[in-house]
Amino acid sequence: MSADFWAGYISGAIGILIGNPLDIIKVRLQAGNDGGGSQPATSYVRQFQNRRSLITGTAAPVLGYGALNALLFVSYNRSEAAFNSMLQTSSSLWATWAAGAIGGLATWVVSTPTELIKCRAQVASTPSSSWDITKQVWRAEGLRGLYFGGGVTALRDSIGYGFYFWSYQLSSSWLSGDSPKDSSSWSHETARVLLCGGLAGVTTWASVFPLDVIKTRLQTQIMEPAMTPLLRSSALSPARLGAIDIARQAYAEAGWRVFFRGLTICSIRAFAVNAVQWAVYEWVMAELRQEKHKLAEAPAIG
């Protein structure tokens with residue numbers, strides 16, 4: 001497989017492990033399951049009683065987000081190269097945004113079930129593994145259940161990843177242009193990647209956070225069994241809201257502020273996770289390119 005696939009996979013998995021505790025708080029704040037939405041973020045911190053609670057819901061995203069990130073970077077790199085070829089230019093921020101949006105849309109097949117399982121594991125009243133959540137959804141609703149909320153997830157990912165790569169390239173060009181000539185040292189390059197990666201993460205989430213709130217509330221709805229009075233058999237209740245109804249309900253609950261509930265926690269997490277993620281991606285890509293170069297220069301045997 002290509003270098004950007006493995007660089008994307010490794011960096012994505014590492015990013016999930018670093019950011020999961022803050023992601024749990026963000027999802028619980030967004031879900032609004034605290035009886036009115038007044039519970040502060042600090043109250044959720046006290047729920048991390050042990051090590052296991054820090055990694056709640058990580059199994060699905062570590063596997064899924066690693067694959068998602070690999071698919072994202074491969075799709076982005078190929079799309080950007082195609083756009084630049086059509087525009088006959090080596091670099092274009094418009095092409096960067098469009099390629100990022102295509103890359104984000106391509107991740108839909110992985111991100112929708114991964115997000116659904118992760119969010120439900122993180123808001124569960126009792127500790128539940130990702131595998132347990134997957135089995136529950138599959139038994140109740142089959143494959144369709146795992147892709148519930150796919151439309152808003154695809155929209156969020158497409159817009160968000162467009163801004164993700166756009167902001168990374170824009171900040172990178174600014175810092176490269178303002179750098180002194182002797183700034184090509186390892187420490188300066190690392191600082192640049194960390195800062196640009198962190199800024200890209202914050203920009204991305206700020207651009208799509210209302211959509212993410214709607215997605216979280218949509219996917220954390222669970223079809224509860226309803227007992228029929230005559231047959232005494234359980235049937236799934238159809239009373240589950242769509243994305244527009246979720247948005248209306250959330251606005252009626254707490255006004256426009258509800259769509260930005262958890263943004264502060266998310267921004268802190270996004271900066272840290274994406275700074276490390278981009279640094280790992282760039283490092284793995286450099287290592288794999290160097291290894292490929294060594295293999296190409298190696299004398300043939302025979």
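Excluded from the calculations below are hydrogen atoms, water molecules and symmetry mates; all remaining heavy atoms, backbone and side chain alike, are included.
- A donor-acceptor pair under 3.5 Å is formed between the side chain of T203 and the backbone N or O of L199.
- Proximity of a side-chain donor or acceptor of S158 to a complementary backbone N or O of G104 within less than 3.5 Å is not detected.
- Taking every heavy atom of both residues into account, T204 and A200 meet most closely at OG1-O, 2.7 Å.
- The side-chain heavy atoms of L211 and F259, taken from C-beta on, include no pair separated by under 4.5 Å.
- Scanning both residues, S111 and D157, for their nearest heavy atoms gives OG-OD2, 2.8 Å.
- Atoms CH2 and CG, on W138 and L143 in that order, are 5.0 Å from each other to the nearest 0.5 Å.
- The shortest distance between side-chain heavy atoms of K26 and W205 falls below 4.5 Å.
- For the pair I14/Q277, no side-chain contact is recorded, criterion being any heavy-atom separation below 4.5 Å from C-beta on.
- The two residues G242 and L218 make their nearest non-hydrogen contact at C-CD1, 3.6 Å.
- Residues W256 and V258 share a single hydrophobic cluster, defined by chaining ILVMFWY side chains whose heavy atoms lie under 4.5 Å apart.
- Contact of the L170 side chain with the L93 side chain is registered, since non-hydrogen atoms from C-beta on lie closer than 4.5 Å.
- Ionic pairing of R261 and E253 is not present here: no N-O contact between side-chain nitrogen and carboxylate oxygen is shorter than 4.0 angstrom.
- A distance of 7.0 Å separates CG of L288 from CD1 of I10, quoted to the nearest 0.5 Å.
- Interatomic distance, D4 CG to R78 CZ, rounded to the nearest 0.5 Å: 4.5 Å.
- Between N69 and S11 there is a side-chain heavy-atom pair separated by less than 4.5 Å.
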Inset, instruction - Evaluate side chain to side chain contact (heavy atoms under 4.5 Å, CB included) for L195 paired with F271, printing each intermediate quantity in order. - result: CA-CA 8 Å; L195 178 59; F271 189 94; 4.1 Å; yes
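- Y76 pairs by the ring pair (Phe, Tyr, Trp, His ring centres under 6.0 Å) definition with F165, not counting sequence neighbours.
- If you take CG on D132 and CZ on R120, they are separated by 14.0 Å, rounding to the nearest 0.5 Å.
- When every heavy atom of S92 is checked against every heavy atom of N84, the shortest pair comes out as N-OD1, 3.8 Å.
- In this structure, Q221 contributes its side chain and L241 its backbone to a donor-acceptor pair below 3.5 Å.
- Under a hydrophobic-cluster definition in which Ile, Leu, Val, Met, Phe, Trp and Tyr are linked whenever side-chain heavy atoms come within less than 4.5 Å, directly or via other members, V193 and F73 are assigned to the same cluster.
- Side-chain contact between Y147 and P113 is present, with heavy atoms from C-beta onward closer than 4.5 Å.
- Between Y164 and N274, the side chains place a donor N or O and an acceptor N or O closer than 3.5 Å (distance only, hydrogens not considered).
- In the hydrophobic clustering of ILVMFWY residues, with side-chain heavy atoms under 4.5 Å counting as a link, V208 and F163 come out together.
- Looking at heavy atoms from C-beta onward, E115 lies out of side-chain contact with L68 at the 4.5 angstrom threshold.
- Put simply, the side chain of S171 gets close to the backbone of Y168: a donor and an acceptor are under 3.5 Å apart.
- Expressed to the nearest 0.5 Å, how far CG of L263 lies from CG of D212 amounts to 10.0 Å.
- Taking the six-membered ring for Trp and thresholds of 30 and 60 degrees, F83 and W94 have ring planes more than 60 degrees apart, a perpendicular arrangement.
- Between R192 and E282 there is no salt bridge, since none of the side-chain N atoms of the basic residue sits less than 4.0 Å from a carboxylate O of the acidic one.
- The nearest pair of heavy atoms linking Q219 to T112 is NE2-O, 3.5 Å.
- Between W97 and Q169 the shortest side-chain heavy-atom distance does not fall below 4.5 Å.
- Here the shortest heavy-atom pairing between F209 and G262 reads CZ-C, 3.5 Å.
- L194 and L175 sit in two unconnected hydrophobic clusters of ILVMFWY residues. Membership requires side-chain heavy atoms under 4.5 Å apart, directly or through other members.
- Taking CH2 of W108 as the reference point, atom CG of L155 lies at 13.5 Å (rounded to 0.5 Å).
- The hydrophobic cluster containing W166 does not contain L105, counting ILVMFWY residues as joined when their side-chain heavy atoms lie under 4.5 angstrom apart, directly or transitively.
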